[in-house]
Number of protein chains: 2
Amino acid sequence: MLNISQVERDTGLSKDTLRMWERRYGFPQPGRDAFGERLYDAPQVDKLRVIKRLMDAGQRPGRLMDKSFEELTALAAQQTVARADGTPPAAHTDLIALLQSHDSPALEQHLTHLLLRQGLQQFVLATLAPLNVAVGEAWARGDLAIFEEHLYTERVQGVLRSAIQSMSRRQDSPRVLLTTLPQEQHALGLLMVETLLASERVPCIALGTQTPLQDIATAAAAHRADIVALSFSDAFPLRAAAAGIASLRPDLAPSTTLWVGGSLVARLKQLPRGVCRIQSLADVLPALEAWRSASNRSAPG
Amino acid sequence: MLNISQVERDTGLSKDTLRMWERRYGFPQPGRDAFGERLYDAPQVDKLRVIKRLMDAGQRPGRLMDKSFEELTALAAQQTVARADGTPPAAHTDLIALLQSHDSPALEQHLTHLLLRQGLQQFVLATLAPLNVAVGEAWARGDLAIFEEHLYTERVQGVLRSAIQSMSRRQDSPRVLLTTLPQEQHALGLLMVETLLASERVPCIALGTQTPLQDIATAAAAHRADIVALSFSDAFPLRAAAAGIASLRPDLAPSTTLWVGGSLVARLKQLPRGVCRIQSLADVLPALEAWRSASNRSAPG
DNA sequence: GTCAACATTTTGTCCAAGACAAATAGTCCA
DNA sequence: TGGACTATTTGTCTTGGACAAAATGTTGAC
C-alpha cells in the first residue's frame, strides 16, 4: 500500500493529477489510512502505470479510465504492433533478448562487437537509431522493464562516450554546441549526434541535457559556436519547443546556424529563418557538408 | 519572472512549501500575473536558492527568512570556509579558471593529464571528489554559469566512462547494482563509484539515475546483485530518502547488502539493519573489502 | 477534397485555508 | 552530563473551486 507521494514517484503522475482523476473519473479509488490520507493498493498503481505508458504514446486519459487492466495492456501491445508493420526486427530482437536475459557483460560485448564490425557511423545509423525505437516500443508494450531500458541506455552511453573520447579532433572544424532545453531529459540523441560528428573529427561542445535558454545563448557566444544543435524527443511539449526555438534564434549571432533534431521536429510546422531541421540522424553529416560549403562560399579560403 | 512550477524545479522547494512559507513567514512575496498566479522575480529566487543551500547544510528556515540576501551569502560563505578549512584550493582554482575560459579542448586535456599522472583511484579520490564540491560552491556563489557546470559534468563523464570501458573485469567479483531513486538527477557520484570499482576490476550493473523503487528490487533479483548501491545528493529530500531506503531494504534479498552514499547520507539518522552508510568516496573500497571478508566468512572457499 | 478558422470538450495545474504528524529545540530533573 | 518531557517549528496532506492550455470537432471557403 502506497501513499500519494510514493505513487507520484512511482508513476510520474503529479499529486494534483491523481486527486483530480479520482474526483473526475472515479479512478483511482484509494483507501484511507488512520489519518484520512490516501492509500493506493498495488493493482491500482499497476493500472496507473499502464495508463501513463499509453498516455506517453499519445492516448488521452478520459478514454482509458474505465477500461480494465487487461484491456489496457492489450491496447498497449496492439499499438506498437500496428506501427512496427514492415520493419525487420531480426537484429533488434537479438539485442532485446539479451537485455531481457540480464547478462550485462554479454550485452556490452555484443555492442562493442557490432561497433567494431560496422564502424562508428554505420553502428550509429544502422544499428542504434532503429534499436532505440525498438527498445522504446518494447518498453511501451511492457516487454522491457524500466531497469532494462536504463541498462541499455547506460551501456550505449559507455560505448559511445568511449568511442568519442578516443577520436582525434581537427581544429579547423566548425564549433558545434550540443544540448537540449530544460524538461528534455533524453541524452542519447545528443550523444549519437556527437558520435557522428566525432567520426568526422568534428569536436563538440557538449552541455548535456536541460540547459536554460538564456544559458544556451550565453554559451554559444562564449564558445563562439558556429552551430547550435538542439534535440527534442517525442515526449517534449510541442508548443514549448516552437516557442523555445523562436525565442532562442534572435539571441544567437546571425552567423550561427541553429540545428533542431529528434523525433519531435517532424511535427513542427514552420521554422524561423536560420533554423535547420534535422529529420533523422542520417541528415547530420549531409547538414555538416551543407554548412561547410555555405561557409566556404561566404568566406572562401 | 518565474511561475511556481519553474521555481520548484529551480530551487527544489515544493509548491506546497513555497506557498506555506509565503503564508507563514511573508517570504517569498511573489507578484501576480494577469490570472492571479504567483510570479517570482530573480532576486527572490536567488534568495530562495541560498536558503535552500543553507538548509541543506542543516539550518532551519525560520531563522533565515528575515535575513537579507547579503547576510545569507555571508553565512553560506562562512560555512563553506569553515568546512573547507585545510584543503588547498590551488589545483581547483586552476580547473575552475579553465572552465571560465571556455577552452573546451584544454579542459579535456587537463583532465586527461591529471588522470594519467595520478592514476584512476587517486584521480577520483583526490581530484574529482573535492573538485565537485568546489564547482558546486562556485556555482552557488555565482562564479560559474550553469552551462559551465554542464560542460564540466560532460567532460568528466567522458573521461570516466572511457576509463571504465577500457578496464578489464574479473568474473569472480561481487555483482554491484548502481543507481539512484527517482528525483535524483546527479549521475556523477554514481560514475565515480563505478570508476573506483572498475579500478579494482569489479564490474557494475549501472542503471543510471532515477530508477523506481520497485524496479530496483526487481533488477537486483534479476541480476542476482550482491550489493545495491544508491547515491543521494544533498538536494534530495531527506525524508524521501529515509522512506525510500526503509521501503527498499525488505524488498531485497537478505543476503544483498545495501550501500547508501552521497553527501546527503551524513544527515540520515538511523539506518535499517543491513544498510551500509558510505560517508565518502574514500569509504567505497574499504566497504568492498569488508564485504569480501564478510562474504568469505559466511561462505568460505 | 483540403486547409484554415472557430467553437467545444478535455485535462492539468493553480489557489486558498485548514489540519496534523514528524522533527527539532527547549526545559526540567536526576 | 544525560534522559524524559513539553513546546515549537515545519512540511505535507486535505477539500473544492477556478481557469488556461491542449486536443478534438465543426464549419466554411477555395
Side-chain angles (χ1 to χ4, degrees), chain A residues 1-9 11-28 30-40 48 51-52 54-66 183 234-243 264 267-270, chain B residues 1-9 11-40 48 51-52 54-66 183 236-243 246 264 267-270:
Chain A
M1 295 290 256
L2 306 179
N3 66 30
I4 197 168
S5 279
Q6 299 171 305
V7 175
E8 175 181 41
R9 267 205 320 248
T11 62
L13 299 162
S14 79
K15 302 192 223 310
D16 269 331
T17 301
L18 288 168
R19 292 193 202 103
M20 184 52 98
W21 284 4
E22 182 182 340
R23 202 189 328 167
R24 208 170 261 165
Y25 310 115
F27 180 88
R32 300 292 172 135
D33 66 6
F35 314 122
E37 305 195 348
R38 291 173 174 78
L39 271 187
Y40 299 81
L48 284 170
I51 290 177
K52 178 64 172 13
L54 283 164
M55 284 176 54
D56 287 343
Q59 298 287 324
R60 304 181 65 181
R63 306 300 173 88
L64 304 173
M65 289 299 165
D66 45 3
Q183 299 186 12
D234 248 336
F236 200 89
L238 188 60
R239 289 266 168 116
L264 186 87
R267 289 194 279 141
L268 285 169
K269 296 239 161 137
Q270 207 180 357
Chain B
M1 297 288 253
L2 305 179
N3 66 30
I4 197 168
S5 277
Q6 299 171 305
V7 175
E8 175 181 41
R9 267 205 310 267
T11 63
L13 299 162
S14 80
K15 302 190 224 314
D16 268 333
T17 301
L18 288 167
R19 285 194 277 258
M20 184 52 102
W21 284 3
E22 181 183 341
R23 203 191 325 171
R24 207 170 260 167
Y25 310 115
F27 179 87
Q29 195 72 248
R32 298 292 173 135
D33 66 7
F35 315 121
E37 306 195 346
R38 291 173 175 77
L39 270 186
Y40 298 81
L48 285 170
I51 291 177
K52 177 63 171 17
L54 283 164
M55 283 175 55
D56 288 344
Q59 300 286 325
R60 303 184 66 181
R63 305 300 174 85
L64 305 172
M65 288 300 163
D66 45 4
Q183 300 185 358
F236 197 89
L238 187 60
R239 287 176 201 189
L264 186 87
R267 287 193 284 137
L268 285 168
K269 292 251 158 121
Q270 208 181 358

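First the proteins, then the strands, lettered A, B, ... as listed; each starts at 1.
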*What's the CG-C1' distance between A:Leu18 and D:dT12, to the nearest Å?*
15 Å
*Quick one: B:Glu22 CD to D:dT10 P, roughly how many Å, whole number?*
17 Å
*Please give the angle, rounded to 10 degrees, between the axes at the start and the end of the helix from C:dG1-D:dC30 to C:dA30-D:dT1, where five pairs define each axis.*
30°
*Would you mind reading off the distance between A:Leu13 atom CG and C:dT13 atom C1', rounded to a whole angstrom?*
14 Å
*How long is the line joining CD of B:Gln59 and C1' of C:dA23, in whole Å?*
16 Å
*Does A:Thr17 put a side-chain nitrogen or oxygen below 4.0 Å from OP1 or OP2 of C:dT13?*
yes
*If you pin A:Pro61 and B:Glu8 to their nearest nucleotides in DNA chain C, which one's is more 5'?*
A:Pro61
_Base, sugar-phosphate or nothing for A:Arg19? Non-hydrogen atoms, less than 4.0 Å._
base
*In chain order, what residues pass the side chain to side chain donor-acceptor pair (under 3.5 Å) check against B:Gln6, with sequence neighbours excluded?*
none
*Is the shortest side-chain N/O distance from B:Tyr25 to OP1 or OP2 of D:dT10 below 4.0 Å?*
yes
*Partner set under side chain to side chain donor-acceptor pair (under 3.5 Å) for B:Glu22, not counting sequence neighbours*: B:Arg38
*asked:* Return whichever of A:Asp16 or A:Gln6 has its heavy-atom-nearest nucleotide of DNA chain D closer to the 5' end.
replied: A:Gln6
*Tell me, please, which residues at least two apart from B:Met55 pass side-chain contact (heavy atoms from CB on, under 4.5 Å).*
B:Trp21, B:Ile51, B:Pro61, B:Leu64
*Which atom of B:Lys15 lies closest to which atom of B:Ser5, heavy atoms considered*: NZ-OG, 3.4 Å
*salt bridge (charged side-chain N to carboxylate O under 4.0 Å, His left out) with A:Glu37: which residues, sequence neighbours excluded?*
none
Please list, pair by pair, any protein nitrogen or oxygen found under 3.5 Å from a nitrogen or oxygen in nucleotides 17-20 of chain D.
from	atom 1	to	atom 2	distance (Å)
D:dG17	N7	A:Arg23	NH1	2.9
D:dG17	O6	A:Arg23	NH2	3.3

*How would you label the contact of B:Met65 with the nucleic acid (heavy atoms, under 4.0 Å): base, sugar-phosphate, or nothing?*
nothing
*OG1-OH distance between A:Thr11 and A:Tyr40, expressed to the nearest 0.5 angstrom*: 9.0 Å
*asked:* How many whole angstroms separate atom CD1 of A:Ile4 from atom C1' of D:dT12?
replied: 11 Å
*Between B:Arg63 and D:dT10, does any side-chain N or O lie under 4.0 Å from OP1 or OP2?*
no
*Applying side-chain contact (heavy atoms from CB on, under 4.5 Å), name anything that partners B:Met1, two or more places apart in sequence or on another chain.*
B:Leu39, B:Asp41
*State which residues pass side chain to side chain donor-acceptor pair (under 3.5 Å) with B:Arg19; sequence neighbours excluded, sorted by chain then number.*
none
*Could you check which of C:dG12, D:dT10, D:dG11 has an atom nearest any side-chain atom of A:Trp21?*
C:dG12
_Integer-rounded Å distance: C:dA19 P and A:Asp33 CG_ = 18 Å
*Between A:Gly36 and B:Met55, name the one whose nearest nucleotide on DNA chain D is closer to the 5' end.*
B:Met55
*asked:* Rounded at 0.5 Å granularity, tell me how far CZ in A:Arg23 sits from CG in A:Leu18.
replied: 12.5 Å
*Residues two or more places apart in sequence or in another chain: which of them pass side chain to side chain donor-acceptor pair (under 3.5 Å) with A:Arg9?*
none
*Can B:Leu48 and B:Phe27 be said to form a side chain to side chain contact (heavy atoms under 4.5 Å, CB included), step by step?*
CA-CA 9 Å; B:Leu48 285 170; B:Phe27 179 87; 3.8 Å; yes
*When you check the phosphate oxygens OP1 and OP2 of D:dC13, does a side-chain N or O of A:Lys15 lie under 4.0 Å from one of them?*
yes
*Counting side-chain heavy atoms from C-beta on, which of C:dT13, C:dC15, C:dT10 comes nearest to A:Arg60?*
C:dT10
*Roughly, in whole Å, what's the span from CG in B:Asn3 to P in C:dG12?*
18 Å
_Using whole Å, what does the distance between atom C1' of nucleotide D:dT10 and atom CZ of B:Phe27 come to?_
17 Å
*Please determine if a side-chain N or O atom of B:Ser14 lies less than 4.0 Å away from the OP1 or OP2 oxygen of D:dG11.*
no
_Measuring to OP1 and OP2 of D:dC13, would you say a side-chain N or O of A:Ser5 lies under 4.0 angstrom away?_
yes
